[in-house]
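In what follows, chains are A, B, ... by sequence order, proteins preceding strands, each numbered from 1.
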Amino acid sequence: MPELPEVEMRRRLVASCALHQRVERVIIRDTSILEGATPRTLQRNLAGREFVKTHRHGKWLFIGADSGRWLTMHFGMTGDIEYCEAPINEPPYTRARFGFENGQSLIFTDPRKFGEIGITSDISSFLNKRKWGPDPTHPGFDRVTFRDLLRNRTGLLKGVLMNQRVIAGVGNLYADEMLFQTGLHPETSVGNLRRATIDALYDAMMTVFAASLAVDTDYERLPGNFFLRHRNYSGLCPKCRRPLSTAQASGRTTYYCPRHQRRRS
DNA sequence: AATTCCTCCTGATAGC
DNA sequence: TGCTATCAGGAGGAAT
């Protein structure tokens, strides 16, 4: 479910309510979400500590403790975070719970269990090990960066945009929005795209992320000409009011308007 | 080295 | 109504 803006919302939630309190207990309800960590290592590094800072890279969330270690979180398709009183109000599908001394808990829920939790001492090496690409919302990521990332790539544009090793944070839905706003067919070849087209894609990416965060990722509050408002099986193109088409691109369902999204360079 | 396909897991919904 | 099939905002690993 969550792409870059949704993970940013989760980061803000953690930053606003879960910092500077002592973690009394670390409870792992399902060890299958742990990646490179055990319940014991999480407890040893976090119990008795305070979370003091947060960081996000693409769809990854990092929560820093005063032990110097970072709790790492990825939300997969259905992962989420809640801050509530527990165990009284512990939500369904709770996979991990970090209980504070005030009775509130930071809770990681995930019905499908595609998400993961771990621990690292160094964010850079964590990201490098997975060969993750740069986060487009971080300082220094500009049009030139984007051009260089798309240069010398092959395959379909949709697949490249969703490839986290190229750009970290764009998923299926935001890729569709970017392609619609740029008027590009999802199966456009990424090779030999003109510079102006690549720049337009970059502009769309930045616009879409900012617009989504401006409405707290509530798509219903996006302007009516945004694709995300109409992206469903009965949806109509906001420009021509004709039914959208679907296709499989890189294994994912892609929605597009056949009139307004053409293969071109 | 870069891409594509299969797979993990569970709930919601479409279709019969 | 009740059952079955399909699909879902992700990504690692195998296969190509």
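For M162(A) and dA8(C), the CE to C1' distance is 13 Å, given to the nearest whole Å. Distance N172(A) CG to dC7(C) C1': 12 Å, rounded to the nearest Å. For the pair D176(A) CG and dA8(C) P, the interatomic distance rounds to 11 Å; values are reported in whole Å. Atom CD in E35(A) sits roughly 12 Å away from atom C1' in dC8(B) (whole-Å rounding). Look at CD1 on I33(A): it is 13 Å from P on dT10(B), rounded to the nearest Å. The CG atom of D80(A) sits 14 Å away from the P atom of dG10(C) (whole-angstrom rounding). Spacing between atom CZ of R95(A) and atom P of dG11(B) amounts to 9 Å, rounded to whole angstrom units. Protein atom CD of E3(A) is 13 Å distant from nucleotide atom P of dA8(C), rounded to whole Å.
In this structure, F114(A) forms no aromatic stack with the base of dC9(B), since the conditions of centre separation below 5.5 Å and plane angle below 30° are not both met.
Phosphate proximity of dC8(B) to K113(A): absent, as no side-chain N or O sits under 4.0 Å from OP1 or OP2. Considering only side-chain N and O atoms, H74(A) lies under 4.0 angstrom from the phosphate OP1 or OP2 of dA11(C). Remark: Y233(A) is not in phosphate contact with dT13(B), judged by side-chain N or O atoms under 4.0 Å from OP1 or OP2. For the pair R153(A) and dT3(B), the criterion of a side-chain N or O lying under 4.0 Å from OP1 or OP2 is met. At dA8(C), one or more side-chain N or O atoms of T253(A) fall inside 4.0 Å of OP1 or OP2 (strictly under the cut-off). Here R130(A) reaches the OP1 or OP2 of dG12(C): one of its side-chain N or O atoms lies under 4.0 Å away. OP1 or OP2 of dG10(C) sits under 4.0 Å from a side-chain N or O of R252(A).
Clustering ILVMFWY residues whenever any of their side-chain heavy atoms sit less than 4.5 angstrom apart, transitively, puts F62(A) in the very cluster that holds W132(A).
A cation-pi contact, defined as under 6.0 Å to the ring centre and within 45° of the axis, links R10(A) to F75(A). A cation-pi arrangement is absent between K158(A) and Y256(A) under the rule of less than 6.0 angstrom and at most 45 degrees off the ring axis.
With C1' as the reference atom, dG12(C) and dG11(B) are 23 Å apart, rounded to whole Å. One P atom belongs to dC3(C), the other to dC9(B), and the distance between them is 25 Å to the nearest Å.
The base of dA8(C) lies close enough to the side chain of R112(A) for a donor and an acceptor atom to sit less than 3.5 Å apart. Not a single donor-acceptor contact under 3.5 angstrom links the side-chain atoms of Y93(A) to the base of dG11(B).
Comparing atom distances between the T154(A) side chain and each of dA2(B), dT4(B), dA11(C) picks out dA2(B) as nearest.
A side-chain donor-acceptor contact under 3.5 Å links T120(A) to the backbone of D122(A).
In this structure, G171(A) reaches the sugar-phosphate backbone alone: every heavy-atom distance under 4.0 Å involves primed, P, OP1 or OP2 atoms, never a base.
Of the residues near DNA chain B, P111(A) and G155(A), the one whose nearest nucleotide (by heavy atom distance) lies more toward the 5' end is G155(A). A residue-by-residue look at W132(A) and Q248(A) shows that Q248(A) has its nearest nucleotide of DNA chain C further toward the 5' end.
Side-chain contact between S212(A) and Y174(A) is present, with heavy atoms from C-beta onward closer than 4.5 Å.
For the 3.5 Å distance criterion, the side chains of N232(A) and S234(A) qualify, holding a donor opposite an acceptor.
The partner of dC6(B), taking Watson-Crick or G-U wobble pairs whose two distances both stay under 3.5 Å, is dG12(C).
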